[in-house]
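Below you'll find the structure, written out as structure tokens, and then a few comments.
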Number of protein chains: 2
Amino acid sequence: MGRPKQARAVRTREALLLAAAEVFDEFGYPAASVSKILARAGITQGAMYFHFKSKEDLGRAVLLEQASMLELPATPAGLQQLIDMTLYLAHELQHNVLFSAGVKLAVEQSEAGLGDFSVYQDWMDRFRAELDEGDAHGELLPQVDTAEFARVLVASYTGTQLMSRLESHHRDLPRHIAVLWSYLLPGIATPATLARLIVDPERGRVPA
Amino acid sequence: MGRPKQARAVRTREALLLAAAEVFDEFGYPAASVSKILARAGITQGAMYFHFKSKEDLGRAVLLEQASMLELPATPAGLQQLIDMTLYLAHELQHNVLFSAGVKLAVEQSEAGLGDFSVYQDWMDRFRAELDEGDAHGELLPQVDTAEFARVLVASYTGTQLMSRLESHHRDLPRHIAVLWSYLLPGIATPATLARLIVDPERGRVPA
């Protein structure tokens, strides 16, 4: 009985999330207004309040659910999958508006008054799972601390996307992520692993 | 004859720049107002207009002159000096308000409507000069492209400081910059260079 209503509620929430992401992306968070978001989503304020109480609520949802429409691998598989994932993310940043707006809010969140580190922790955990899997298969040099390197990777990825957004709206991001890997891999991968890993910006065009 | 007036104008401009940096740091750029900045600087609006026409002018000056109160080495000297400089910057971010506010504006500048890539280019040029000097002294592996790696370093530094600001107000930044180097150096330095480089977070406490 409640099923159709529930499905509609899910669709309404998703429409609001996407409209908020679009408006944040277009106007920036401070200039984005709830009325712009409602107009974009074609949803009334009453229907919104069931899901989100304020612009801050929408901002937090875009920030924390940035990865919810990505197709990420379900099971860790090691370094090659980690490389492929980062290149896939570089391509998604070019056209996946929820991901792009969420990443922008993560970087500029002090202006949005959100102050949430958990989204960085989530990416660190995901990257670390791939690194631990690679480590279990002998891909990593003995001195690598997977938690430490996962943080280095999230940090360097964040800075790389931020500069690429400013300079080229992420057009050159896949190339810059490939360059980043060329300098990071010698510090973490065994020579045998290094010889077989493929770092090709084009691999990111399809989900890893 | 004009000397005392000129000296006063320089002091007024500097006081405005520092007050703007403090207010941007404290309230965020969007919430910062010219009246707050004037009150902080103890300067009248008329005196300000001689130097800056608007909040945007002040924002651009804080962004572009972020390094003006740092003590940076005058002559490139190679990898050790580059490492020491990045650690010195990590300590300066903890208490140099003009540098800290300028770096924050660089990261969040789309919200401030500035859209200026030149500040990243300036850091890339400075880092590259050290790398080129290191290369001239045989410190770098043959495959290193100094322009490319200078960009990787600026990007990974930017992301590292951004996460450290959010998590610990830069308290743990020197340590995280040292960790970053431990993963970057094997990809750029010859084994002999690697063996003699010192990456010590404490070295940054005094100017490089």
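In the text below, chain A, chain B and the rest are named by the order of the sequence lines, each starting its count at 1.
- The pair A/Lys104-B/Glu108 does not meet the salt-bridge criterion, since no charged nitrogen lies less than 4.0 angstrom from a carboxylate oxygen.
- Residue B/Trp123 forms a side chain to side chain contact (heavy atoms under 4.5 Å, CB included) with just one option from B/Leu89, B/Leu153, B/Thr158, and that option is B/Leu89.
- The part of B/Val152 that comes within reach of chain A is its side chain, from C-beta onward, which places non-hydrogen atoms under 4.5 angstrom from that chain.
- Salt bridge A/Arg196/A/Glu139: present, at least one basic N to carboxylate O contact under 4.0 Å.
- Residues B/Glu202 and B/Arg175 are not paired through a salt bridge, judged by the lack of any N-O separation under 4.0 Å between the basic side chain and the carboxylate.
- Taking A/Asp116, A/Val179, A/Leu141 one by one and counting their heavy-atom pairs under 4.5 Å with chain B, the maximum is reached by A/Val179.
- Salt bridge B/Arg126/B/Glu130: absent, no basic N to carboxylate O contact under 4.0 Å.
- Of the atoms belonging to B/Leu184, heavy atoms from both backbone and side chain fall under 4.5 Å from chain A.
- The parts of B/Asp145 that come within reach of chain A are both its backbone and its side chain, each placing non-hydrogen atoms under 4.5 angstrom from that chain.
- Using a 4.5 Å cut-off between heavy atoms, B/Ile188 touches chain A through its side chain atoms alone.
- Of the residues considered (B/Arg165, B/Glu148, B/Gln161), B/Glu148 shows the highest number of contacts with chain A, using heavy-atom pairs under 4.5 Å.
- Between A/Arg128 and A/Glu133, none of the side-chain N atoms (NZ, or NE/NH1/NH2) sits under 4.0 Å from a carboxylate O, so this pair counts as no salt bridge.
- Contact annotation for B/Phe149: both backbone and side-chain heavy atoms come within less than 4.5 Å of a heavy atom of chain A.
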